[in-house]
Engineer: 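Before I ask anything, here is the structure I am working with.
These figures come from a predicted structure and were not determined experimentally.
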Amino acid sequence: MKIGCIQMNVGFGKVEENFQRAEQLIREAASQGAEMVVLPEMWNTGYALEKLEELADENGERTKAFLKTLARELGIHIIGGSVATKQNGKFYNTMYVVNRDGELVSEYSKVHLFRLMDEEKYLEAGESMNRFDLGDLPAAAVICYDIRFPEWLRAHALAGAKVLFVAAQWPTPRIDHWKTLLQARAIENQCFVVAVNRISRKPENFNGQSMVIEPWGEVLWTGAEDEELAVIDVDFSKVDEVRTRIPVYDDRRPELYGKVVEQK
């Protein structure tokens, strides 16, 4: 399957410009043969958290309509990154996933809020997993800081996911952590990881380096440090091959993992 990774330059608080640019890049990916596209985190507003009252998408209605229309018209699956939404008077960092028929197959709000960027001061945390199917592909998706919690991604893999999509606004100073954590999540869960970061310089500092990683840990593609669209051909059959070679799922001992061993 050909996956379009949209490493987008997100404008701070520039909702109209961001929607226009996202549409341009989605259409370009489809024209290059992408069967699925992936957007970065908070692509509608950037981290303009103090302006969410005026900028957030009410109940995600605009975003859902936007993604459904493009998915149906272009015949592609869209992992909609995430957008700032307002729901019942509260703000969330929300991802929508739409299949090629224009059907909403998943809605997920970021579970782990990142204190270093004051998310907990402005956003509410989600409470549910994000496992879904795109055709016959079992998939899951998380948002940025979520990847620092291996048990959260393992829960999605145990629920059957063969690919973990990651939408992110991962800052430049910790980009080495980004690369290492993504490879670790791919290897330990024996699945593909498709992770899309964003670009920006001021007032935010994000330098892309999105990644597509095979279940054996090989990196198929790493994005540059500028806005970039890449269409990567992914063979999801490799997941079963790797899981057969080293059967970690069969060898797990979950009955022990919840126990606390006291040292005497």
Engineer: Between Ser210 and Asn197, which heavy-atom pair has the shortest distance, and what is it?
Structural biologist: OG-N, 2.8 Å
Engineer: Do other residues, nucleotides or ligands put more than 12 heavy atoms under 6.0 Å from Glu127 CD?
Structural biologist: no
Engineer: Compile the donor-acceptor pairs under 3.5 Å between side chains in residues 214-224 and protein atoms, sequence neighbours left out, one pair per line.
Structural biologist:
{"from": "Glu214", "atom 1": "OE2", "to": "Lys238", "atom 2": "NZ", "distance (Å)": "2.7"}

Engineer: Is the Phe192 to Phe236 ring centre distance short of 6.0 Å?
Structural biologist: yes
Engineer: Kindly indicate whether the side chain of Ile3, heavy atoms from C-beta on, has any atom under 4.5 Å from the side chain of Val231.
Structural biologist: no
Engineer: Check whether any side-chain heavy atom of Val193 sits under 4.5 Å from a side-chain heavy atom of Val163, and report yes or no.
Structural biologist: no
Engineer: Angle class for the Trp170/Trp178 ring planes (parallel below 30°, perpendicular above 60°, tilted otherwise)?
Structural biologist: tilted
Engineer: Work out which heavy atom in Val166 is nearest to a heavy atom in Cys144; give both atom names and the distance.
Structural biologist: CG1-N, 4.0 Å
Engineer: If you measure from the Lys or Arg side-chain nitrogens to the Asp or Glu carboxylate oxygens, is any gap between Glu73 and Arg100 under 4.0 Å?
Structural biologist: no
Engineer: Which residue, Asn44, Thr85, Thr63, forms the side chain to side chain donor-acceptor pair (under 3.5 Å) with Asp57?
Structural biologist: Thr63
Engineer: When you check the gap from the basic side-chain N to the acidic O, do Lys110 and Glu119 get nearer than 4.0 Å?
Structural biologist: yes
Engineer: Are a donor atom and an acceptor atom from the side chains of Asn93 and Tyr122 found within less than 3.5 Å of each other?
Structural biologist: no
Engineer: Show your working on side chain to side chain contact (heavy atoms under 4.5 Å, CB included) between Asn9 and Arg21 and close with a plain yes or no.
Structural biologist: CA-CA 8 Å; Asn9 187 347; Arg21 187 58 178 152; over 6 Å; no
Engineer: Should Glu61 and Lys64 count as an ion pair when the cut-off is N to O under 4.0 Å?
Structural biologist: yes
Engineer: Would you call the rings of Phe132 and Phe165 parallel, tilted or perpendicular, taking 30° and 60° as the class edges?
Structural biologist: parallel
Engineer: Look up atom CG in Leu67 and atom CG in Asn99, then write down how far apart they are to the nearest 0.5 Å.
Structural biologist: 11.5 Å
Engineer: Between Arg198 and Glu227, does any NZ, NE, NH1 or NH2 come within less than 4.0 Å of an OD or OE carboxylate oxygen?
Structural biologist: no
Engineer: A quick test of your reading: do over 12 heavy atoms of other residues, nucleotides or ligands sit less than 6.0 Å from CG of Asp251?
Structural biologist: yes
Engineer: Counting C-beta onward and ignoring hydrogens, is there a side-chain heavy-atom pair between Ile213 and Ile187 closer than 4.5 Å?
Structural biologist: no
Engineer: Can we say Arg27 and Glu23 salt-bridge, meaning some charged N sits less than 4.0 Å from an Asp/Glu carboxylate O?
Structural biologist: yes
Engineer: Less than 4.5 Å apart, side chain to side chain, heavy atoms only: is that true for Lys51 and Thr45?
Structural biologist: no
Engineer: Report, as yes or no, whether the 6.0 Å neighbourhood of atom CZ on Arg174 holds more than 12 heavy atoms from other residues, nucleotides or ligands.
Structural biologist: yes
Engineer: What I want to find out is whether Arg253 reaches Glu255 closely enough, with some N-O distance under 4.0 Å, to be called a salt bridge.
Structural biologist: yes
Engineer: What is the minimum heavy-atom distance between Val15 and Arg62, and which atoms define it?
Structural biologist: CG1-NH1, 3.8 Å
Engineer: Hey, is Arg243 close enough to Asp250 for a salt bridge, meaning N to O under 4.0 Å?
Structural biologist: no
Engineer: Can you name the nearest heavy-atom pair linking Trp152 to Val111, along with the distance?
Structural biologist: CZ2-CG2, 3.6 Å
Engineer: Checking Arg154 against Tyr249: charged group under 6.0 Å from the ring centre and within 45 degrees of the axis?
Structural biologist: yes
Engineer: Using side-chain hydrogen bond (donor to acceptor under 3.5 Å, both in side chains), reason through Thr94 and Ser109 one step at a time and then give a plain yes or no.
Structural biologist: CA-CA 4 Å; Thr94 306; Ser109 289; 3.1 Å; yes
Engineer: Just verifying a value: how many Å separate Glu35 CD and Leu74 CG, rounded to the nearest 0.5 Å?
Structural biologist: 13.0 Å
Engineer: Do the non-hydrogen side-chain atoms of Leu153 and Ile147 ever get within less than 4.5 Å of each other?
Structural biologist: yes
Engineer: Taking atom NZ as the centre, does Lys86 end up with more than 12 heavy-atom neighbours from other residues, nucleotides or ligands that are less than 6.0 angstrom away?
Structural biologist: yes
Engineer: Could you measure the distance from the CG atom of Asp146 to the CG atom of Leu113? Nearest 0.5 Å is fine.
Structural biologist: 9.0 Å
Engineer: Distance check, rounded to the nearest 0.5 Å: Lys14 atom NZ versus Leu55 atom CG?
Structural biologist: 12.5 Å
Engineer: Quick one: are Phe91 and Glu53 in side-chain contact, heavy atoms under 4.5 Å?
Structural biologist: yes
Engineer: How far apart are the closest heavy atoms of Met117 and Leu49, and which atoms are they?
Structural biologist: O-CD1, 3.5 Å
Engineer: So, taking the atom named CE in Met8 and the one named CH2 in Trp43, what distance separates them when rounded to the nearest 0.5 Å?
Structural biologist: 6.5 Å
Engineer: Between Glu41 and Ser82, does the side-chain hydrogen bond (donor to acceptor under 3.5 Å, both in side chains) criterion hold? Intermediate values first, please.
Structural biologist: CA-CA 5 Å; Glu41 180 185 14; Ser82 75; 4.7 Å; no
Engineer: From Leu25 CG over to Glu228 CD, what is the distance, rounded to the nearest 0.5 angstrom?
Structural biologist: 11.0 Å
Engineer: Step by step, would you call Ile175 with His177 a side chain to side chain contact (heavy atoms under 4.5 Å, CB included)?
Structural biologist: CA-CA 5 Å; Ile175 202 69; His177 289 192; over 6 Å; no
Engineer: What is the minimum heavy-atom distance between Ala139 and Ala161, and which atoms define it?
Structural biologist: C-CB, 3.8 Å
